[in-house]
Amino acid sequence: MTSSTPDSNLRTTRFPAGTLRVLQLTDTHLYANPVGTLLGVNTLDSFQRVIAHFRDHHWPLDLLLATGDLVHDASPEGYALMADILSSFQVPVFCLPGNHDVPQAMREHLKADRVSTAGVMDRGNWRFVMLDSVIPGEEGGRLAADQLQLLEDALATSDRHTLICMHHQPIGVGSAWIDTMAIENPDPLFDIIDRYPHVRGVLWGHVHQTFEAWHGDVRLMASPSTCVQFAPKTESFQVDEEPPGFRLLALMPDGSIRSEVVRVDEMPHGLERASAGY
Ligand SMILES: [Fe+2]
C-alpha cells in the first residue's frame, strides 16, 4: 500500500465518536459491456480489484461518495451495474455526474437502495453538497447558476460542517492539458465559499491523480481513478505509472478532515502506457 497524502494510517487511527468514515470512489468509467476497456484496461475488472482492496482492509464505512465519470458510455446498463455495485456497500451513497456521464441518464438509471443523486445530503454533523459541473457534450466543466444557487442555499440554511463535491477541478492541478478542462467559472464558487466559514473541504475527481491544496482553511482534494491514472504536472496527456486507488476521509465532529489516498498493489492489466490521449 502506498499513500501520497499528508495523513496516513487512517484505518488504524481511533477517532472521536461522531466521526464519519467516508470512501470516495471516482472515475470508474464503466461500460454497458462488462468487457469494455479504457486505454486497454478493463474498467470493471479494475474497479472490482479496487473494491476488493478496500474490503480487505476492513475500514468501517459510514458513507460513500462517487464523484463522476461513473459510466463512460452513459448507458442504462452501465448505470444499473454501477447501482448494484454501490448498493452492495450497505451504506448511503451520494453520486454526482462527470463529463462522460449524461446527468439525466444517471439520475434515471443509477437507482438502488441507499444510492442517491440528490444535491444536498446531511449525515451527522456534516452536510454534503453534490454539484453538477457538467456542460453537455463538453469535457470541461462549469457551475451553472442553479448549481451556485443550490450551494448558496445549502450553506445559508445550515451551519453544519460542509464538504462540497464536484467532478471537475475548481483550481488548476498543474497539468496544462487537463487544466483546460477545469471549472471555467471558479470565481463565483470561491466567492460563496469565502462567505461561509463552515465550508471545510472541496473534493473532486476528473484529474485521475492525487492532488492536495488549501484555500485558506478549506482543504482541496482530488483523487486517483479506479482505472487509469494521468501523470501529474505534464504539458500533454501522459498515462501515469501508478496503480488505481481510492480516497478515505475521516470527517470529524469538530469539522476537521483527515484524508488518505490508498492504491492497490498492482498496475491494471493491459494498460496502454504510450497512449497519447483518451
Ligand atoms: Fe475520468
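Note that ligands are numbered from 1 as they come in the structure, with each ligand's atoms numbered from 1 the same way. Atom set for the values below is all heavy atoms of this structure, side chains included, hydrogens, waters and symmetry mates excluded.
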(request) Check all N, O or S atoms of H29 and name the one closest to the Fe ion (ligand 1). (result) NE2
(request) Please name the pair of heavy atoms, one in V115 and one in A83, separated by the smallest distance, quoted to 0.1 Å. (result) CG2-O, 4.3 Å
(request) Would you please indicate if the ring centroids of H100 and H167 are separated by under 6.0 Å? (result) no
(request) Please determine if R219 and D7 form a salt bridge, counting it only when a charged side-chain N lies under 4.0 Å from a carboxylate O. (result) yes
(message) Restricting to N, O or S, what is the name of the atom of D27 that lies nearest the Fe ion (ligand 1)?
(response) OD2
(message) Using 2.8 Å as the threshold, say whether any N, O or S atom from H206 sits that close to the Fe ion (ligand 1).
(response) no
(message) Among the N, O or S atoms of D69, which one sits nearest to the Fe ion (ligand 1)?
(response) OD2
(request) For the pair D122 and R160, find out whether any cationic side-chain nitrogen is under 4.0 Å from an anionic carboxylate oxygen. (result) yes
